[in-house]
2 protein chains.
Amino acid sequence: MYTVSDTMNTQFKKGVLELCVLVLLDRKDCYGYEMVEEISRNIFISEGTIYPLLKRLKTEGLVISYLKESQDGPPRKYYQITEFGKEKKEKLVAEWNEFAMGVSNLLYNRNVDMEGNCDE
Amino acid sequence: MYTVSDTMNTQFKKGVLELCVLVLLDRKDCYGYEMVEEISRNIFISEGTIYPLLKRLKTEGLVISYLKESQDGPPRKYYQITEFGKEKKEKLVAEWNEFAMGVSNLLYNRNVDMEGNCDE
DNA sequence: AATAGTACCTTGCAATATATGGTACCTTGT
DNA sequence: ACAAGGTACCATATATTGCAAGGTACTATT
């Protein structure tokens with residue numbers, strides 16, 4: 001199991017894990033435990049986080065799920081992204097990029113003139 | 001007053017606004033209303049967010065404050081970053097950069113081998 | 001006198017990552 | 001046979017924090 005330093009700021013992850021899960025599922029169907037492994041390659045995530053998150057995504061209609069047997073342990077619950085989920089993913093990616101750029105500008109004092117960010 | 005689209009994901013900001021405030025205060029002393037203006041150039045922030053945040057930073061010893069009269073309205077409460085605050089800022093900047101890079105790798109499927117992210 | 005901008009503040013709410021603890025399957029070593 | 005460890009799922013309670021909504025008060029403009 002891969003791990004990234006668990007000192008990483010918990011708050012930073014708010015909302016981002018949903019984005020990460022949708023991005024993974026847009027590539028291929030995954031089961032929960034697998035996604036924890038994947039995401040853990042890059043940012044720390046606790047197992048206790050993924051299952052409530054997946055449940056929420058399912059309730060919101062962003063994903064569906066199906067069971068599949070496994071040789072290595074109990075049956076796996078695979079998740080598949082829906083069309084609605086794909087739309088949401090696109091929206092979140094765009095928002096994340098805009099946000100990350102905004103933060104970067106603030107941190108490194110680049111006050112670029114962006115379209116539509118001024119009242120008059 | 002500058003504004004960025006207020007549709008920006010609220011969750012993304014968790015923890016980041018603290019970082020932004022500390023970065024601003026590391027450049028120069030600022031008062032709350034001023035920081036809202038500055039930050040709003042790049043990411044949406046509500047006025048109702050900054051004052052509880054500043055209060056918390058003060059309680060934690062990351063900043064101190066002093067009053068100064070103004071011609072344009074009521075007295076301004078300026079905030080100054082402490083040595084402890086500067087250390088915290090450095091730590092948060094590093095954590096943010098690591099985090100943002102991790103997310104970027106996940107979004108764009110760059111599974112780089114980074115040092116210390118594998119158990120064996 | 002009324003309005004708008006500046007500048008501060010408090011309270012309650014909503015969202016979500018995590019810790020903790022639990023169930024159950026399979027393989028390997030003793 | 002059985003203990004241990006990895007795989008795989010789940011639920012609950014808690015902490016953190018951004019925001020909306022509402023308030024006070026000063027100054028300048030209409």
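What you see is a predicted model, and the numbers here were worked out from it, not measured in a lab. Throughout, protein chains are lettered first and strands after them, A, B, ... in sequence-line order, and every chain is numbered starting at 1. The analysis underlying the following values was restricted to heavy atoms, covering all of them including side chains, and did not include hydrogens, waters or symmetry mates.
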Q: Starting at atom NZ of Lys68(A), determine the distance to atom C1' of dC9(D), rounded to an integer number of angstrom.
A: 17 Å

Q: Please work out if Gly48(B) contacts a base, only the sugar-phosphate, or nothing of the nucleic acid, heavy-atom cut-off 4.0 Å.
A: base

Q: Check the angle between the aromatic planes of Trp96(B) and Phe99(A) and answer parallel, tilted or perpendicular using the 30° and 60° thresholds.
A: perpendicular

Q) Quick one: Leu19(B) CG to dT16(D) P, roughly how many Å, whole number? A) 19 Å

(Q) On DNA chain D, compare the nucleotides closest to Gly73(A) and Val16(B); which residue's is nearer the 5' end? (A) Gly73(A)

Q | Per Leu17(A) side chain, nearest of listed nucleotides dC19(D), dC26(D), dT18(C) | A | dT18(C)

Q: Please state whether the phosphate of dA15(C), meaning OP1 or OP2, lies under 4.0 angstrom from any side-chain nitrogen or oxygen of Thr10(B).
A: no

**Q.** Rounded interatomic separation in angstrom, taking CD from Glu69(B) and C1' from dC8(C)
**A.** 15 Å

Q) Which one, dC9(D), dA17(C), dA24(C), comes nearest to the side chain of Arg76(A)? A) dC9(D)

**Q.** Nearest-Å distance for atom pair CD1/C1', residues Ile50(B) and dT10(C)
**A.** 16 Å

**Q.** For atom CD1 of Ile43(B) and atom P of dT17(D), their distance in whole Å
**A.** 15 Å

Q) Within less than 4.0 Å of OP1 or OP2 of dT6(C), is there a side-chain N or O belonging to Ser70(B)? A) no

Q: Verify the contact: side-chain N or O of Lys14(A) to OP1 or OP2 of dT18(C), cut-off strictly under 4.0 Å; return yes or no.
A: no

**Q.** Candidates dA7(C), dG18(D), dT18(C) - which lies nearest the side chain of Leu53(B)
**A.** dG18(D)

Q. Rounding to a whole Å, what distance do you find between Gln71(A):CD and dT27(C):P?
A. 8 Å

Q: Specify the separation, in whole Å, of atom CZ of Phe12(B) and atom P of dC19(D).
A: 13 Å

**Q.** Cationic N near anionic O, under 4.0 Å, Arg56(B) to Glu60(B)
**A.** yes

Q.
Taking 4.0 Å as the cut-off, does a side-chain nitrogen or oxygen of Lys77(A) come that near to OP1 or OP2 on dC10(D)?
A. yes

Q.
What's the separation between atom CD1 in Ile43(B) and atom CG in Asn9(B), rounded to the nearest 0.5 Å?
A. 12.0 Å

Q) Just checking, Lys77(A) and Tyr31(A): is the charged tip under 6.0 Å from the six-membered ring centre and within 45° of the axis? A) no

Q. The side chain of Pro52(A) lies closest to which of these nucleotides: dT17(D), dT18(C), dC19(D)?
A. dT18(C)

Q: Go through the N and O atoms of the side chain of Glu47(B) and the base of dC8(C), and report whether any donor-acceptor pair is under 3.5 Å.
A: yes

Q. To the side chain of Tyr31(B), which of dA11(D), dT18(C), dA7(C) is closest?
A. dA7(C)

Q) Backbone N or O of Ile45(A) within a donor-acceptor pair of the Thr49(A) side chain at under 3.5 Å? A) no

Q: When you get a sec, tell me which of dG18(D), dA7(C), dC9(C) is the closest nucleotide to the side chain of Asp72(B)?
A: dA7(C)

Q.
Is there a side-chain contact between Lys13(B) and the phosphate of dC19(D), meaning an N or O under 4.0 Å from OP1 or OP2?
A. yes

Q | Out of dC19(D), dA15(C), dC8(C), whichever nucleotide has its closest atom nearest the side chain of Gln11(B) | A | dA15(C)

Q. Looking only at side-chain N and O atoms, does Tyr33(A) come under 4.0 Å of OP1 or OP2 in dT7(D)?
A. yes

(Q) Let me spell it out: for each of Gly15(B) and Tyr51(A), pick the nucleotide of DNA chain D with the closest heavy atom. Which residue's pick is nearer the 5' end? (A) Tyr51(A)

Q) Ignoring hydrogens and geometry, is there a side-chain-to-backbone donor-acceptor pair from Ser104(B) to Ala100(B) under 3.5 Å? A) no

Q | Closest to side chain of Ser46(B), choosing from dA20(D), dC26(D), dT18(C) | A | dA20(D)

Q: Could you please name the option among dC9(D), dA20(D), dG18(D) that lies closest to any side-chain atom of Arg56(B)?
A: dG18(D)

Q: Grab the CG-C1' distance between Leu67(A) and dC9(D) for me, whole Å please.
A: 10 Å

Q: Flag the pair Glu34(A) and Lys28(A) as a salt bridge only when some basic side-chain nitrogen lies within less than 4.0 angstrom of an acidic carboxylate oxygen.
A: yes

